[in-house]
Structures are given as C-alpha cells and as structure tokens.
There are 2 protein chains.
Amino acid sequence: MKYSKQREMIQDTVMAHPIHPTADDVYSLVRAKNPTISLGTVYRNLNLLAENGILTKLTMPGGSDRFDGRLDEHYHMLCTHCGKVYDVELDIFRDFDRQIRAKTGFCVSRHQLLIEGICKECSKEK
Amino acid sequence: MKYSKQREMIQDTVMAHPIHPTADDVYSLVRAKNPTISLGTVYRNLNLLAENGILTKLTMPGGSDRFDGRLDEHYHMLCTHCGKVYDVELDIFRDFDRQIRAKTGFCVSRHQLLIEGICKECSKEK
DNA sequence: CTAGGTGCAAAGCGTTTGCTCGGGG
DNA sequence: CCCCGAGCAAACGCTTTGCACCTAG
C-alpha cells in the first residue's frame with residue numbers, strides 16, 4: 001500500500017476518536033484539517049484500511065457503517081436511545097469458534113456481536 | 001393490524017423458506033403466486049412484521065437485510081464463500097445479559113450475533 | 001516514468017415514501 | 001362508509017465508481 005497523506009489522516013482520526021465514527025463523521029473531522037479532501041477518498045481509504053486489518057468495519061442495523069480502530073477482541077453495545085456505541089469486553093467467546101467447528105463444521109473467520117439496549121446514562125434520565 | 005392477503009402471503013413465504021430471504025427474495029417468491037404485488041408492499045410488510053415481533057430482521061455486512069421467521073433464541077453464520085446463512089444454537093448466552101448489566105449498567109433488549117466464515121460444504125470443495 | 005491515489009461528480013443499490021385507488025371491518 | 005393497506009413511481013441516503021489529474025517511489 002503506497003503512502004498517502006490523506007490515508008494517514010483518516011487512520012489517525014479513527015484512532016484518535018474512539019467513538020466508532022461513521023464515514024461521514026470521519027469526513028467532517030478530517031475536513032477540519034484538510035478542507036479539500038473528498039468523501040469518496042474517505043470511503044475508499046476506510047475500506048482499504050478495513051481490508052488490510054488496520055481497522056474494523058461495524059455493520060449497524062438501520063444506519064451507516066461505523067469504523068473502529070481497536071483491534072483486540074471486543075464487542076459493541078448500541079444504545080437505541082442516544083445512538084452511542086460502547087465497547088465491551090467479555091470472555092464468553094474464549095473457545096467459541098472451536099465449539100462451532102465441532103458442532104457444525106463451520107470454520108469461523110470472524111464474528112460480530114451487536115448488543116442493543118439502553119445505556120446507563122439514558123436509563124438514569126427517566 | 002388490519003388483515004391483508006398480501007401480508008399473509010409475505011409472512012407465509014418467510015416461514016416456508018428458512019433461507020433467511022432478503023426483501024427481494026421474498027418479492028420474487030411471492031410474485032410467483034401474486035404477480036401484481038409491489039416491492040414497496042413487501043418492504044412495508046416485512047418491516048411491519050418485524051416491528052410486531054412476528055419475524056426478525058437481520059443486518060448483514062455489505063448486503064441487503066434478511067428476514068427470519070424463527071423466533072426462538074438462536075444465531076447466524078454467514079458463509080462468506082457461498083453467501084448462505086445458517087442457524088446455530090448455542091447456550092453461551094444463557095446469563096449473558098445479566099453479566100452485561102452487572103458490569104456496565106447497560107440494559108440489553110436484544111443482541112445480534114453474526115459469525116462469518118466458510119461452511120462445511122464450501123470447505124469440502126477445495 | 002508509472003502505478004496507484006485524489007477530487008469531483010455521477011451512478012448504483014437497497015430501502016422508504018407520497019399519492020391515489022381499492023378492500024377490510 | 002371510513003380508514004388502513006396496496007400499487008406505482010419518485011425520492012432518499014449511503015456507498016461505490018469512472019475519469020482526468022496528481023504524487024510517491
């Protein structure tokens with residue numbers, strides 16, 4: 001992968017903002033430093049970085065994809081009230097893949113878990 | 001919810017084809033019996049049925065949403081080679097929600113797990 | 001020099017929506 | 001008879017892509 005200033009900025013932005021930004025969030029953030037960057041470039045590079053395992057693409061129900069710079073095994077909770085995405089570490093998946101393989105012959109490459117509910121802050125509000 | 005012939009056909013179609021069909025799959029299948037039904041009607045009813053808990057909408061990475069008529073707790077495996085979606089039952093999630101609540105204060109309403117990998121049939125091929 | 005990246009704009013694709021007409025209750 | 005639902009087509013939102021120009025190696 002050939003170096004580009006734009007890609008560096010995009011990657012840095014995702015890393016620096018652990019808010020699981022959408023492509024459009026990244027676009028706004030990067031645009032503050034580089035007003036001529038295009039949305040197409042942001043999409044192209046986010047996908048490129050995801051394909052190369054440098055960041056992760058999260059598929060969201062009913063909304064835009066989000067991107068995550070954390071590479072260690074963890075999962076996500078979406079608050080259906082405020083829309084924030086939280087990280088969660090759980091050791092439930094320790095020998096998950098082995099169990100599945102033994103049971104079904106399915107060879108797991110990755111898994112995405114999305115937990116939906118109401119976060120602590122939002123449930124306080126009521 | 002007022003009765004409609006179309007909605008009945010749509011629901012029956014999803015139930016009768018446990019292939020986790022997309023809206024467009026359902027459209028094709030229903031169209032065979034009712035050639036004048038519109039795609040908009042299929043979308044409207046699938047969403048309506050999902051909102052009423054009669055079926056479940058599955059968000060897929062990089063593809064159309066799929067619909068599932070099974071309501072019992074189970075999860076899905078997507079074969080990234082052939083595109084089929086398999087069901088999988090796992091008891092890993094038994095007191096999952098309680099753990100999360102205790103740990104984070106997040107009140108879980110639902111969770112969607114998507115396992116990606118290569119299915120038994122596809123790995124045989126190689 | 002040249003392969004690959006950028007910016008821009010248009011196209012693509014899945015999904016939703018406004019409108020008018022039809023059918024259930 | 002009233003109102004929700006259907007059919008149709010246009011609109012929408014997110015994402016991808018074709019093209020001409022630019023830049024790293």
Side-chain angles (χ1 to χ4, degrees), chain A residues 1-14 19-52 54-68 76 78 80 83 85 112 114, chain B residues 1-14 19-52 54-68 76 78 80 83 85 112 114:
Chain A
M1 208 171 13
K2 192 155 90 174
Y3 170 85
S4 94
K5 184 71 194 161
Q6 287 87 338
R7 180 157 51 248
E8 185 179 51
M9 291 177 71
I10 289 165
Q11 182 178 342
D12 289 352
T13 300
V14 175
I19 56 166
H20 313 90
T22 63
D24 209 69
D25 292 337
V26 175
Y27 178 57
S28 307
L29 288 163
V30 172
R31 226 168 201 289
K33 294 202 171 182
N34 174 355
T36 62
I37 199 168
S38 78
L39 187 54
T41 297
V42 173
Y43 272 102
R44 260 189 303 242
N45 281 301
L46 285 171
N47 285 331
L48 200 58
L49 290 165
E51 279 158 26
N52 286 70
I54 295 162
L55 38 82
T56 310
K57 192 178 193 167
L58 308 176
T59 307
M60 291 285 146
S64 319
D65 291 344
R66 287 162 170 265
F67 294 85
D68 188 350
H76 297 101
L78 168 66
T80 50
V85 176
Q112 204 181 145
L114 184 70
Chain B
M1 209 172 11
K2 193 154 89 175
Y3 169 85
S4 95
K5 183 71 194 162
Q6 287 87 339
R7 178 157 52 248
E8 186 180 49
M9 292 177 71
I10 289 165
Q11 182 177 343
D12 289 351
T13 300
V14 175
I19 56 167
H20 312 89
T22 62
D24 209 70
D25 293 338
V26 175
Y27 179 57
S28 307
L29 288 164
V30 172
R31 226 168 201 289
K33 294 203 170 178
N34 174 354
T36 61
I37 199 168
S38 78
L39 187 54
T41 296
V42 172
Y43 271 103
R44 256 189 305 243
N45 281 301
L46 286 171
N47 284 332
L48 200 58
L49 290 164
E51 279 158 27
N52 286 71
I54 295 163
L55 39 81
T56 310
K57 192 178 195 169
L58 309 176
T59 307
M60 291 286 146
S64 319
D65 291 344
R66 289 163 167 265
F67 294 85
D68 188 350
H76 298 100
L78 167 68
T80 50
V85 176
Q112 204 181 146
L114 185 70

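Throughout, a chain's letter reflects where its sequence line sits, starting with A, and its residues are numbered from 1.
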Engineer: Side chain of A:Lys2 only, heavy atoms from C-beta on: which candidate in D:dA6, C:dA3, D:dG5 is closest?
Structural biologist: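 Output: C:dA3.
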Engineer: Mind checking A:Thr36 for me? I need base, sugar-phosphate or nothing, with any heavy atom below 4.0 Å counting as a touch.
Structural biologist: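 Since only primed, P, OP1 and OP2 atoms lie under 4.0 Å of A:Thr36, the category is sugar-phosphate.
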Engineer: Looking only at side-chain N and O atoms, does A:Asn45 come under 4.0 Å of OP1 or OP2 in C:dT6?
Structural biologist: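 Indeed, a polar side-chain atom of A:Asn45 lies that close.
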Engineer: May I ask you to say what B:Tyr43 touches in the nucleic acid, namely base, sugar-phosphate or nothing, with a heavy-atom cut-off under 4.0 Å?
Structural biologist: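 Touches a base.
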Engineer: Roughly, in whole Å, what's the span from CG in A:Leu46 to C1' in D:dC14?
Structural biologist: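 Whole-Å distance recorded here is 13 Å.
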Engineer: When the nearest nucleotide of DNA chain D is assigned to B:Lys5 and to B:Leu39 on a heavy-atom basis, which residue is associated with the more 5' position?
Structural biologist: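 Looking at DNA chain D, the more 5' nearest nucleotide goes with B:Lys5.
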Engineer: Looking at every heavy atom in both B:Leu114 and B:Pro61, which two are closest together, and how far apart are they?
Structural biologist: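 Taking B:Leu114 first and B:Pro61 second, the nearest heavy atoms are CD2-CD, 3.3 Å.
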Engineer: Can you tell me whether the side chain of A:Arg44 and the base of D:dG18 have a donor-acceptor pair closer than 3.5 Å?
Structural biologist: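 Indeed there is one.
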Engineer: What is the distance, rounded to the nearest whole Å, between atom CD of A:Glu8 and atom C1' of C:dG5?
Structural biologist: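 Nearest whole value for this atom pair: 14 Å.
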Engineer: How many whole angstroms separate atom CE of A:Met60 from atom P of C:dT15?
Structural biologist: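 Rounded to the whole Å, the gap is 17 Å.
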Engineer: Considering only D:dG7, C:dT6, C:dG14, which nucleotide approaches the side chain of A:Gln6 most closely?
Structural biologist: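 That would be C:dT6.
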Engineer: If you look at every heavy atom in A:Asp65 and A:Met60, which pair is closest and at what distance?
Structural biologist: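 So the two residues come closest at OD1-N, 4.3 Å.
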Engineer: Measure CG/A:Asp24 against P/D:dC12 and give the value in whole Å, please.
Structural biologist: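 Roughly 17 Å, once rounded to whole Å.
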Engineer: Describe the nucleic acid contact of B:Asn47 in one word from base, sugar-phosphate, nothing, applying a heavy-atom distance below 4.0 Å.
Structural biologist: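 Sugar-phosphate: the residue B:Asn47, judged by heavy atoms under 4.0 Å, touches backbone atoms but no base.
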Engineer: Whole angstroms only, please: what is the CG-P distance between A:Asn34 and D:dT23?
Structural biologist: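 Computing the A:Asn34:CG to D:dT23:P distance gives 12 Å.
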Engineer: Do the side chain of A:Arg7 and the base of C:dG4 come within less than 3.5 angstrom through a donor-acceptor pair of N or O atoms?
Structural biologist: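 Side chain to base: no pair present.
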Engineer: Of the candidate nucleotides D:dG7, D:dT15, C:dT6, which contains the atom at the shortest distance from the side chain of A:Asp65?
Structural biologist: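 The answer is D:dT15.
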Engineer: Considering non-hydrogen atoms only, spot the tightest contact between B:Tyr27 and B:Ser38 and give its length.
Structural biologist: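 Scanning both residues completely, I find the closest heavy atoms to be CE1-C, 3.7 Å.
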Engineer: Go nucleotide by nucleotide along DNA chain C from the 5' end; which of B:Thr41 and A:Leu48 gets its closest nucleotide reached first?
Structural biologist: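 This one resolves to A:Leu48.
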Engineer: Looking at every heavy atom in both A:Asp68 and A:Val14, which two are closest together, and how far apart are they?
Structural biologist: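 Scanning both residues, the minimum pair turns out to be C-CG1, 4.1 Å.
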Engineer: For A:Tyr27 and C:dT6, what is the distance between atoms OH and C1' respectively, to the nearest whole Å?
Structural biologist: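 These atoms are roughly 13 Å apart.
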Engineer: For B:Leu49 and D:dA6, what is the distance between atoms CG and P respectively, to the nearest whole Å?
Structural biologist: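 Taking atom P of D:dA6 as the reference, CG of B:Leu49 is at 10 Å.
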Engineer: What's the closest nucleotide to the side chain of B:Ser4 if the choices are D:dT15, C:dT6, D:dA6?
Structural biologist: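 Looking only at heavy atoms from C-beta outward on B:Ser4, the closest nucleotide is D:dA6.
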Engineer: For A:Ile37 and C:dA9, what is the distance between atoms CD1 and P respectively, to the nearest whole Å?
Structural biologist: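 It is 16 Å, rounded to the nearest whole Å.
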Engineer: Would you kindly say whether A:Asp25 and A:Ser28 are connected by a side-chain donor-acceptor distance under 3.5 Å?
Structural biologist: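 The criterion, which ignores hydrogens and geometry beyond distance, is not satisfied for A:Ser28 and A:Asp25.
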